[in-house]
Amino acid sequence: MLRFHGAWRITVVGRNADFDQRAVVRGPSGTRVLPGRPGAVLEVDGESWTLTLEHRPRGRDWQPNLRTTAGPLTERDGVRSRLLTSNDRHWPGKPPGYVNFVLRLDQSAAQPAPAPSAQPAPCTPAPSAQARAPLPTV
């Protein structure tokens, strides 16, 4: 789970996964869901809100992704951006740094930019699966 403050635009920029993916935003005004389709966008604004990336294995409920990594905060033309990369589950033979879901968060540079705080999400390893090629760097 990552915690953010202020207004951000969340955009799905990559998905290479066997399972459905989504981003879940929880804040004082409720829960909002961004489907894991490349190009999908969600505008979020709140004093404090959390972002969790999730996947849904076939026939099961939504589960937090195994690992979500926040990339460096960059600034260009008055917009701050940060990439979030995620790996939904561990599979035998899959490289530890494997990425199958990527989001970009953008914020106007006129707002203060606190760093997100991350808390690891639990995951139960699955017995086996075929590894996929990693997503290209965005």
Side-chain angles (χ1 to χ4, degrees):
M1 170 187 345
L2 300 171
R3 182 168 300 280
F4 289 88
H5 304 276
W8 290 83
R9 172 189 294 241
I10 306 169
T11 305
V12 177
V13 295
R15 180 181 171 273
N16 183 16
D18 287 331
F19 305 128
D20 290 338
Q21 304 284 320
R22 71 180 186 179
V24 179
V25 173
R26 291 180 179 86
S29 58
T31 300
R32 297 173 65 195
V33 176
L34 175 64
R37 291 185 314 269
V41 174
L42 180 64
E43 301 277 348
V44 181
D45 191 2
E47 189 165 319
S48 179
W49 49 274
T50 62
L51 176 63
T52 305
L53 279 57
E54 298 179 343
H55 66 286
R56 184 174 55 198
R58 288 174 201 85
R60 300 180 70 190
D61 291 332
W62 287 97
Q63 300 175 12
N65 283 4
L66 171 67
R67 179 177 32 260
T68 299
T69 304
L73 188 65
T74 61
E75 187 173 326
R76 182 176 176 185
D77 298 328
V79 176
R80 290 188 191 101
S81 294
R82 179 184 306 273
L83 281 182
L84 299 182
T85 58
S86 185
N87 179 1
D88 55 12
R89 298 182 73 127
H90 172 73
W91 300 108
K94 183 163 57 168
Y98 185 84
V99 171
N100 57 11
F101 191 39
V102 182
L103 302 179
R104 186 183 69 237
L105 282 80
D106 297 310
Q107 179 187 55
S108 167
Q111 297 187 56
S117 60
Q119 299 171 348
C123 181
T124 305
S128 67
Q130 194 174 27
R132 290 179 166 266
L135 290 170
T137 304
V138 180

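Bear in mind that the values here come from a model prediction, so they are computed numbers and not experimental data. The figures that follow rest on heavy atoms only: side chains count, while hydrogens, waters and symmetry mates do not.
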Atom pair OG1/CG of T85 and L103 - distance to nearest 0.5 Å: 9.5 Å
Close side-chain approach of R67 to T69, heavy-atom, < 4.5 Å: yes
Side chain to side chain, W8 and D45, heavy atoms closer than 4.5 Å: no
Atom pair CD/CZ of E75 and R82 - distance to nearest 0.5 Å: 12.0 Å
Distance-minimising heavy-atom pair for R104 and L83: CB-CD2, 3.8 Å
Closest contact, heavy atoms only, S48 versus P28: O-CD, 3.3 Å
Shortest non-hydrogen contact from E43 toward R32: O-NH1, 2.8 Å
Face-on cation placement of R3 at W49 ring, 6.0 Å and 45° thresholds: no
Minimum side-chain heavy-atom gap T50-V25 below 4.5 Å: no
Reported CZ-to-CD distance for the pair F4 and Q107, which is rounded to 0.5 angstrom: 9.5 Å
Least distance between heavy atoms, A40 atom then P35 atom: CB-O, 3.6 Å
D20/R56 ion pair, N-O < 4.0 Å: yes
E47, CD atom: more than 12 neighbouring heavy atoms under 6.0 Å: no
Pair R15 + D88: basic N to acidic O under 4.0 Å: no
Student check: side-chain heavy atoms of F19 and R89 closer than 4.5 Å: yes
W62 reachable from L66 in the ILVMFWY side-chain graph, under 4.5 Å edges: no
Shortest non-hydrogen contact between V24 and T31, atoms and distance: CG1-CG2, 3.6 Å
Atom pair OG1/CE of T68 and M1 - distance to nearest 0.5 Å: 11.0 Å
pair R37-V12: side-chain heavy atoms closer than 4.5 Å: no
From L53, N65, V102, N16, residue fulfilling side-chain contact (heavy atoms from CB on, under 4.5 Å) relative to Q21: N65
Heavy-atom pair of closest approach, residues S108 and R80: O-NH1, 3.4 Å
Contact check, side chains of D106 and I10, non-hydrogen atoms, under 4.5 Å: no
